[in-house]
Amino acid sequence: MGIFTDLNLNGRTPVRVQPKVGEWGPAGVPSTRAKKIQRIIAPIAFVLVLAGLCALFYFFYTVLIPQG
């Protein structure tokens, strides 16, 4: 097991006793692979948004504060 928790909620149960998607819960439940991808994309998106906000702040700072 890696540094994250196990994303497979069925664990080690046999396939014959695992519920099918939509049988006991919502049909739009993301797969384990989709959850892993989201764990990679979320921090990248956060860093990109933070960098954009910092760049915007710097731009407005240089425009509004007189240099001289």
Side-chain angles (χ1 to χ4, degrees):
M1 180 171 275
I3 59 173
F4 297 118
T5 59
D6 188 10
L7 299 175
N8 184 3
L9 298 179
N10 292 324
R12 296 182 178 176
T13 57
V15 177
R16 60 185 169 81
V17 297
Q18 293 177 7
K20 296 178 187 68
V21 174
E23 184 178 354
W24 290 354
V29 175
S31 66
T32 303
R33 181 178 178 150
K35 291 178 198 175
K36 286 182 181 179
I37 292 171
Q38 289 172 359
R39 282 191 171 174
I40 294 170
I41 291 176
I44 292 171
F46 175 77
V47 169
L48 289 176
V49 168
L50 184 62
L53 287 173
C54 289
L56 187 64
F57 173 77
Y58 178 74
F59 172 74
F60 282 122
Y61 179 79
T62 57
V63 169
L64 296 175
I65 302 298
Q67 303 294 323

Asks: Mind checking side-chain contact (heavy atoms from CB on, under 4.5 Å) for Pro43 and listing every partner two or more places apart, or none if nothing turns up?
Replies: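 Applying side-chain contact (heavy atoms from CB on, under 4.5 Å) to Pro43 gives none.
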Asks: Please determine whether residues Ile41 and Phe46 belong to a single hydrophobic cluster, defined as Ile, Leu, Val, Met, Phe, Trp and Tyr linked transitively by side-chain heavy-atom distances below 4.5 Å.
Replies: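 Each belongs to a different hydrophobic cluster.
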Asks: Run the side-chain contact (heavy atoms from CB on, under 4.5 Å) test against Leu48 and tell me which residues pass, sequence neighbours left out.
Replies: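 So Leu48 forms a side-chain contact (heavy atoms from CB on, under 4.5 Å) with Ile44.
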Asks: Atom CZ in Phe60, atom CD1 in Ile65: separation rounded to 0.5 Å?
Replies: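 Those atoms lie 12.5 Å apart.
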Asks: Rest of the hydrophobic cluster containing Leu53 (Ile/Leu/Val/Met/Phe/Trp/Tyr, side-chain heavy atoms under 4.5 Å)?
Replies: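 Result for Leu53 is Val49.
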Asks: Using links of under 4.5 Å between side-chain heavy atoms of ILVMFWY residues, direct or through other members, which residues join Val15 in one cluster?
Replies: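 Listed partners: none, Val15 stands alone.
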Asks: Who are the side-chain contact (heavy atoms from CB on, under 4.5 Å) partners of Ala34, not counting sequence neighbours?
Replies: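 Once residues adjacent in sequence are excluded, the partners of Ala34 under the side-chain contact (heavy atoms from CB on, under 4.5 Å) criterion are Pro30, Ser31.
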Asks: How about Lys36: does its NZ atom have over 12 heavy atoms from other parts shown lying under 6.0 Å from it?
Replies: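 It does not: Lys36 NZ has 12 such atoms or fewer within range.
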